[in-house]
Every structure is written in C-alpha cells, then in structure tokens.
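Before any comments, here is the structure.
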Amino acid sequence: MSNMVIFTFVEASIQPLSAIKCNIRCPLCSLHSAPPHLLSLSLSLSLSLSKMRGATRTLWPAAIGLVLLLALLPSAQCGVTYDRKAIVINGERRILISGSIHYPRSTPDMWEGLVQKARDGGLDVIQTYVFWNGHEPSPGEYTFEGRYDLVRFVRTVQRAGLYVHLRIGPYICGEWNFGGFPVWLKYVPGISFRTDNEPFKRAMQGFTQKIVEMMKTESLFESQGGPIILSQIENEYGPEAKAFGPAGQAYVNWAAKMAVGFDTGVPWVMCKEDDAPDPVINACNGFYCDAFRPNRPYKPMMWTEAWSGWFTEFGGTVHQRPVEDLAFAVARFIQKGGSFINYYMYHGGTNFGRTAGGPFITTSYDYDAPVDEFGFIREPKHGHLKELHRAIKLCEKALVSSDPTVLSLGTYQQAHVFNSQSGGCAAFLANYNPNSYARVLFNNMHYNLPPWSISILPDCRNVVFNTAKVGVQTSQMQMLASSNEQLTWERYDEEIVSLADNSLLTATGLLEQINVTRDASDYLWYIASVDVNPDERFLRGGQPPVLIVQSAGHALHVFVNGQLSGSAYGSRENRRISYNSNIILRAGSNKIALLSVAVGLPNVGTHYELWNTGVLGPVVLHGFDEGKRDLTWQQWSYQVGLRGESMNLNSLEGVSTVEWMQGDFAGQAQQPLTWFKAYFDAPGGDEPLALDMRSMGKGQVWVNGQSIGRYWTVYANGDCEGCSYTGTYKSTKCQIGCGEPTQRWYHVPRSWLQPTGNLLVVFEELGGDAAKISLVKRSVSSICADVSEWHPTIKNWHIDSYGQPEEIHRPKVHLHCAPGQSISAIKFASFGTPLGTCGSFQRGACHSLNSHIPLEKKCIGQQRCAVTISPTNFGGDPCPNILKRMAVEAVCSPAVQPVH
Ligand code: GAL
C-alpha cells in the first residue's frame with residue numbers, strides 16, 4: 001500500500017450523480033468547455049425566449065441571469081472525474097467517442113479540417129500522443145513549432161468544441177521512430193529504458209513535467225477551462241512489466257505516482273497495464289475489447305485503441321478493416337458497459353521525414369482510417385461510424401444509468417438491455433453467428449439480425465442502426481496527373497569517399513551503426529581495402545570470390561571498386577541481412593564499400609534501446625588461394641551520411657553549392673546513388689497532392705527542403721484472397737495490393753509549396769527513372785451506393801404470419817457530392833441482383849431495365865439526392881420473391897454556376 005495514491009472515488013452507485021466530488025478550481029469551466037450540444041442548447045434557449053412575443057423584454061434579463069448563474073454554479077459541477085460507469089465531466093457521466101489524430105502526421109493547415117471531419121463524424125474527443133523526439137531533438141533544446149506546435153493543435157480541437165485525450169507517454173510506440181524517445185536518451189550514462197532506473201526516470205519525469213506545465217500555463221486542462229479531459233502516462237507497459245519483474249512493478253507504481261502528483265485535475269490512464277495503480281485507469285487496446293474489465297470495480301471501461309485498420313510495412317500489403325466489423329466491435333464494447341472508445345487511427349496521416357519507426361514502416365500511415373492520409377473522408381467508413389455514434393448517443397442516458405440485463409435470444413444471439421432512471425430503455429440485439437441471419441423475438445417483436453451484427457434500439461423497440469447494414473455511400477478515389485508537362489531533371493552523382501580522406505573515422509573491426517550515426521542520417525559507409533595478389537587463381541579464369549556480409553539491418557548496398565555489386569534487405573519480422581554474392585576483384589588494392597541503411601529505428605520490444613543496427617559481421621571473402629579471408633577485424637573506415645547530405649543538397653540553400661548535370665538520363669536509369677533535382681509550379685486547385693514514385697527504387701524525397709519521407713518501390717507480398725466482414729478480424733485478414741508497390745504515392749502537403757519554382761530533390765540509392773516521376777492530384781472519382789431492399793433504419797410495421805408485429809422497410813439510396821460539386825452522371829444503376837463493388841459493378845441475373853430512370857430524374861444536377869428502393873419506383877418487380885439490391889455509381893463534378 002505504501003506507494004498507492006489515495007484518491008476519493010465517486011460513489012459507485014448508479015443513481016443520480018449527487019455525490020460527485022469535483023475539482024474546485026474552475027467556476028467557469030462548465031461554460032468554457034461545454035460541448036457543442038450544450039452551447040447550442042443554451043443558444044436555442046435564448047433564441048426561443050427571444051421569439052416569445054411580448055415576453056422578450058422581461059425574459060432576457062432572466063435568461064442572462066440564468067446563464068450567469070450556471071457559470072457561477074458551485075464548483076461541484078466542474079472538473080473531470082470518473083466512476084464505474086463513465087468519465088464524469090462537470091457532473092455528467094458521458095459516453096465518449098474519441099479518435100486519434102497525431103499532430104506531426106499532418107500539417108498545421110490541415111488540422112482544422114481534420115478535426116472538423118472528426119466532429120462531423122460524431123466524435124467528442126481527439127486523442128494524440130506527444131512526440132518527445134520531435135520536441136526535444138537534443139537535450140534541453142525544445143521545438144514546439146510547425147507540425148510540433150502542440151498548443152496550437154490542442155487549441156484547434158478546443159475551437160471545434162471537442163475534448164482532448166493527451167497521451168504524453170513519453171514512450172508512445174506508435175510506429176514512430178524509437179517509440180518516441182530521442183536517440184540521445186540511449187546515450188545518457190547508466191540508462192535503461194522503461195524500468196526502475198534513475199537516469200531514465202529522471203529524463204521521463206523531466207519531459208512529462210515540461211508538457212504538463214506547458215498545458216497548465218496555457219490553461220488547457222479541463223479543470224482550468226481547457227479541453228484536455230484525460231492524460232496517459234506510459235503506453236502498453238503490461239507486457240514489459242512481466243519481462244522486468246519487480247523492477248517493472250516498481251516502475252509502474254513510480255510512473256503513476258509521478259503523473260498523479262502533477263495534479264492536473266483530470267484523470268490519468270494507462271493502456272494495456274492491468275496493474276495500473278489507483279487512481280490511474282487501466283484501459284484496453286485491440287481489435288476487440290468487449291472481454292476487457294478495469295482492474296477495480298470503481299473504474300470505467302475504456303478502450304484507448306480500437307484499431308480502425310492497421311499500419312503498413314515496406315514489402316507488405318495494405319490492410320483494411322471492414323467497417324461492419326469495426327462497428328460490430330464498438331457496439332459489442334458499448335453493450336458490455338464500455339463508455340469510452342477511441343479509434344486508433346481516426347486520421348493516420350503521413351510519417352514525414354525519418355519519423356517512421358519499426359523499422360520498415362512506410363511513409364504513409366493511412367491506417368484505413370475514417371479520414372484518409374490526404375484528409376478525405378473515407379466512405380463508407382466515416383459515414384457508417386457516424387450513424388453508429390448517433391445511435392449510441394440516442395442510448396446515452398440509459399447506458400450511463402444502468403448495467404445491462406443480458407437475455408439469451410438464441411444459441412448465438414443476445415439482448416443487452418439498459419434502463420434509465422427516468423424510465424427510458426435501450427437495447428442492443430446481437431447475432432454473433434458469423435455465417436447466418438437470425439430471426440429473434442424481443443419484447444414481443446421479431447427482428448432480423450444479419451450475421452456478425454448488432455442492432456441498436458434506443459427505445460427498446462425501433463431499430464435505428466445495424467452494424468452490418470451499410471446504408472451510406474462509398475467513394476472511389478483517384479490520382480490524376482496535375483499537368484501534362486514532364487519535369488526537367490538535373491542530376492548529381494553521390495561520390496563514394498576515398499580511403500585517403502582523412503576526415504573518415506577509422507577503427508579496427510565493425511562498429512554498431514547507431515552508435516556512430518546517432519541517427520543523424522539513415523546512412524553509414526563501412527569501407528575496407530582488400531589487397532589481391534596478381535597470382536590469385538580467380539584472376540586467371542577461376543571461380544570469382546564470394547563476399548559474405550552479415551548485417552543486423554536494415555538494408556545494405558555493396559560497392560566494389562565504385563560499382564554496385566548487389567543489395568540485400570531485412571524485413572520488419574527479420575531485420576538481419578545475410579549478403580552472399582560473387583564479386584569482381586582486381587590485382588592490387590580493391591575498395592569494398594558497404595552502405596548500410598537504417599529504415600527507422602525500433603519502436604517496441606523489451607530493452608529495444610539495446611538492439612543493434614548495421615554491419616556487425618562477420619564479413620568474409622571466400623575463394624582466395626589461401627581459402628577465406630576474414631575482413632571482420634581489419635581496419636575499417638566510416639563515413640556518417642552521404643556527401644550530398646553534408647552539403648545540404650536537399651535544401652534551398654545547399655542545392656546550388658554543386659554543379660548539377662543536365663540532359664536526358666533515360667539510358668542511365670539504373671545508376672545508383674544519384675541526386676535528382678527539378679523545379680515545378682504548384683498545380684491549380686486545392687486538391688491534395690502526391691508524388692508518383694513508382695519508377696524509382698529506394699531513397700528519400702524533399703520539397704523546398706521539407707522531407708516528404710522515405711520512398712521504396714518494393715512489391716507487396718501477402719494474401720489478398722477475399723475479405724469477409726464476418727468472423728474475428730485480424731490484421732492479416734483483409735489485405736489488398738498484392739504484387740503492387742507497397743507505397744506508390746507520397747503526400748506533398750499544399751502548405752509546403754509556393755505558387756511557382758518549387759524545388760524537388762530526390763536521392764535515389766539504387767537507380768530509377770526520374771523522368772517518370774509525376775505530381776498527381778487526389779480527388780473523388782465516383783460515389784457509389786449499394787443498398788439492400790431490407791434496411792433497419794426505416795420503421796414500418798405489419799403483422800406477420802405469427803400474428804406478431806414485424807418491421808418492414810423501404811430503404812433509400814442516398815448520394816451526396818462534396819460541397820461545390822453536383823452529380824453529373826449516373827455511371828451505373830441496377831435494381832436487381834447486381835454484382836461487384838464500387839468502380840466495377842455489373843448487372844446480375846436479375847435487373848430492372850428502368851433502374852437508372854428515377855436516379856437520373858432525382859439526382860442529376862443535385863449535390864445530394866435520395867431515391868426510395870421499391871419496385872414501383874422501377875416500373876415493377878424484375879424478379880419477385882428474390883431479395884434485391886440497388887447498386888449505383890455516380891460521378892461528381894464541379895457544380896455548374898448558373899449563368900446570369
Ligand atoms: C499499439 C500501440 C500503438 C500502435 C499500435 C499499432 O499496441 O499502443 O502505439 O503501435 O499498437 O498500430
């Protein structure tokens with residue numbers, strides 16, 4: 001008990017929250033941080049008062065008084081706390097829907113739009129990690145600018161009327177370089193990461209304190225009237241704690257005590273840490289969390305990472321998670337009493353620069369999130385979840401007021417029923433069977449439940465949402481050439497240093513890469529000289545010698561006497577490289593230059609600070625007359641980074657310090673270690689931009705000195721055989737892109753461009769055809785809807801053959817284009833049994849020849865339209881007694897301005 005923090009909890013009763021112990025410092029907080037619906041409530045109260053004719057003059061002072069009174073209400077209405085049902089904000093238990101948006105994974109000019117899309121999707125909270133290595137690149141030197149302007153990000157969320165969950169970590173995992181730790185931390189004397197180690201704890205406390213104080217100074221905690229309602233300390237420490245034993249336990253207790261000691265006035269969370277000490281709330285991360293329970297009966301059930309998709313690694317496929325399954329997982333969590341759910345990620349974004357960690361994580365961190373990497377709403381994910389959130393919010397009162405009563409409705413079917421104090425009732429009807437529909441009887445009504453789905457009934461009677469019934473449209477994205485003009489390229493060949501260069505570091509034997517580079521560059525040259533006797537047999541027609549290089553990772557290019565001899569790569573699963581190939585040596589002195597390339601440092605694993613990178617050997621030459629020649633312990637020379645990097649060729653200032661070659665390089669496409677530069681004008685319009693790097697090999701790219709990230713045209717290996725939303729999801733289940741480059745398009749933020757003369761620099765390791773690099777615009781190519789005759793959102797009743805009331809439905813196809821656009825064509829329409837998916841629909845065996853008529857009539861020229869799916873609308877039933885669907889693909893184009 002000695003290191004337990006004493007904390008008074010809200011009564012664990014499920015009665016009105018009269019006994020809530022609130023923070024006393026913020027008499028005005030309930031107004032400052034009131035969520036948008038409360039503000040609009042007080043606004044509409046004022047408006048309706050003002051509309052009352054005659055009463056206006058007398059009622060206005062009363063209304064103002066009321067608002068003032070609310071503002072000055074006893075502090076018992078203020079602050080954030082929790083009880084066993086929920087997070088309690090200003091005295092109110094809340095069901096909170098949250099989404100992760102990581103501020104450095106987009107640009108500040110994108111933040112407002114992203115947060116707005118989150119708000120529009122029904123979110124209450126934005127969750128972000130804090131990125132220590134971004135903020136403190138060298139000890140004591142802090143950056144809080146540009147993409148790292150944390151305060152600006154939090155304020156952006158606040159302005160949108162949303163809350164913030166600040167996951168300070170400072171260990172964050174997150175597929176971020178070194179899990180968020182600055183590389184210098186590894187070199188603090190005596191340090192050992194994430195355990196009961198004084199140097200580590202001192203550094204961790206220092207950074208946590210820095211962030212907490214900054215937030216306090218800016219009054220950003222909810223207890224001060226700000227938007228931050230929750231903070232996280234550490235990240236998924238549970239699995240580590242087990243490995244560390246008692247030292248791990250001591251560290252968890254220390255971390256919790258340290259965090260709580262900052263007295264932020266809002267609760268702290270530890271995710272995936274079953275032993276989170278009071279009052280820290282332990283939370284769940286995963287694809288499903290309905291089996292999770294907090295470690296104390298007085299803590300709420302929180303899900304800090306509901307994985308909306310998955311990250312991508314170079315050489316792997318792209319992972320998708322069907323929204324039907326994600327919605328099912330969320331509904332399962334809520335019906336079990338969960339009250340906080342965060343989508344990881346809501347917007348994944350981009351790993352600009354060298355921020356990706358893992359290693360081998362791609363520059364894109366799209367994550368199949370509801371808002372895509374470029375900031376577009378991803379449909380149907382965004383829209384379907386929005387409907388889910390609306391349905392959950394309709395149940396909020398009942399959900400926070402009671403524990404569910406669970407009724408069995410069949411072998412694989414259950415009802416979870418919640419009753420509120422005021423007599424309200426909400427029910428979740430679940431069918432866990434992954435293979436078949438179920439017809440269940442609940443409250444004397446029959447309901448059809450699709451496989452692997454949950455229907456939500458906010459009044460215990462009417463279904464407003466079913467997780468498997470996607471009624472919202474799908475959108476198809478396209479990458480369109482932004483101009484017909486090819487870029488004019490110039491090149492500069494990176495030189496391989498001469499061993500005579502006395503700026504080189506030399507050592508006997510092989511050095512670990514990060515110890516030498518301190519991660520200032522991805523690149524480290526290992527150079528050795530090999531003398532060959534002119535009498536060697538291999539020089540006179542014998543078998544050429546074989547070079548064997550063992551490297552701890554991540555990529556390796558072997559140059560012999562200035563020529564690329566070969567390359568080898570590790571993978572995320574196995575970073576180690578074993579290079580084994582013939583090489584050509586000449587009589588006399590030969591230069592073997594090994595370019596070892598890091599592809600992001602590890603971000604997770606017990607004591608990952610001790611993991612090695614680079615050529616650690618052995619390095620051996622076989623095939624000499626004497627047998628093998630071991631180079632491992634001879635003299636090696638080292639150069640950190642590329643010559644071009646030290647000359648800042650990627651920057652606006654450095655680019656003109658060398659002579660670039662002009663001309664047509666088509667014939668020299670396979671020239672390794674080449675710098676390319678070109679200038680381009682910003683394409684018109686405001687669509688997001690990307691570089692198509694398909695023609696290139698591997699390297700990095702910069703625009704106006706800003707790093708777009710690492711690129712690598714490596715082809716995806718995986719299993720792309722189909723994807724069903726039913727059954728337990730895992731990241732290997734719904735892969736796409738087999739045989740395609742893992743990543744082809746690299747996001748170029750608009751805000752990094754000037755109208756004309758933008759500098760584009762590419763460093764290519766292997767060789768590629770720069771002439772084929774192009775700048776593309778991302779836009780919506782078409783929108784689709786695919787709606788079954790049966791849909792739960794329409795409520796009609798008839799008496800079925802058992803004499804019971806049963807739902808019947810008249811669903812609608814809804815289409816809408818982005819603001820400023822309207823529907824210009826119906827590309828495909830079929831009422832019947834159409835086949836395929838958005839972009840590749842085809843008619844099935846049953847098809848109404850009139851399918852397109854009502855759509856063309858109601859939709860062309862409109863920004864949005866809705867058409868009821870009923871046989872009468874299509875001139876009759878094309879195939880009676882068969883369940884039909886309506887599939888539509890429509891084109892959105894800029895709306896035509898009326899001519900005056
Ligand atoms: C979690 C971790 C996140 C992220 C995620 C996978 O375990 O907490 O930071 O790494 O996995 O994307």
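In listed order, ligands and their atoms are each counted from 1.
The aromatic ring centres of Y367 and Y365 sit less than 6.0 Å apart.
The protein heavy-atom contact nearest to atom 1 (C) of ligand 1 is E305 OE1, 3.1 Å. Nearest protein neighbour of atom 10 (O) of ligand 1, counting heavy atoms only, is E175 OE2, 2.6 Å.
Salt bridge status for R105 with E373: absent, with no side-chain N to carboxylate O gap under 4.0 Å.
Of all atoms in ligand 1, listed by their number and element, those nearer than 4.0 Å to a heavy atom of W310 are 6 (C). Near Y367, the atoms of ligand 1 lying under 4.0 angstrom from a non-hydrogen atom of the residue are 6 (C), 12 (O). Distances below 4.0 Å separate heavy atoms of I172 from the following atoms of ligand 1: 9 (O). Of all atoms in ligand 1, numbered sequentially from 1 with element shown, those under 4.0 Å from a heavy atom of F311 are 6 (C), 12 (O). Set against the non-hydrogen atoms of E236, the atoms of ligand 1 under 4.0 Å away are 1 (C), 2 (C), 7 (O), 8 (O).
The sulfur atoms (SG) of C723 and C734 lie less than 2.5 Å from each other.
The salt bridge (Lys or Arg N to Asp or Glu O under 4.0 Å) test applied to K117 returns no partner, not counting sequence neighbours.
No donor-acceptor distance shorter than 3.5 angstrom exists from the side chain of T143 to the backbone of E145, with no hydrogens or angles considered.
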E609 and K186: CA distance, side-chain angles, deciding distance, salt bridge (charged side-chain N to carboxylate O under 4.0 Å, His left out) verdict | CA-CA 6 Å; E609 75 272 26; K186 170 173 167 163; over 6 Å; no

Identify each donor-acceptor pair in which a side-chain atom of residues 236-250 lies under 3.5 Å from a protein atom, sequence neighbours left out, and give them as a table.
{"from": "E236", "atom 1": "OE2", "to": "N285", "atom 2": "ND2", "distance (Å)": "2.8"}
{"from": "Y237", "atom 1": "OH", "to": "R194", "atom 2": "O", "distance (Å)": "2.6"}
{"from": "E240", "atom 1": "OE1", "to": "T606", "atom 2": "OG1", "distance (Å)": "3.2"}

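Residue Y365 touches ligand 1 through its side chain alone, judged by heavy-atom distances below 4.0 Å. At a 4.0 Å heavy-atom cut-off, ligand 1 does not touch K272 at all.
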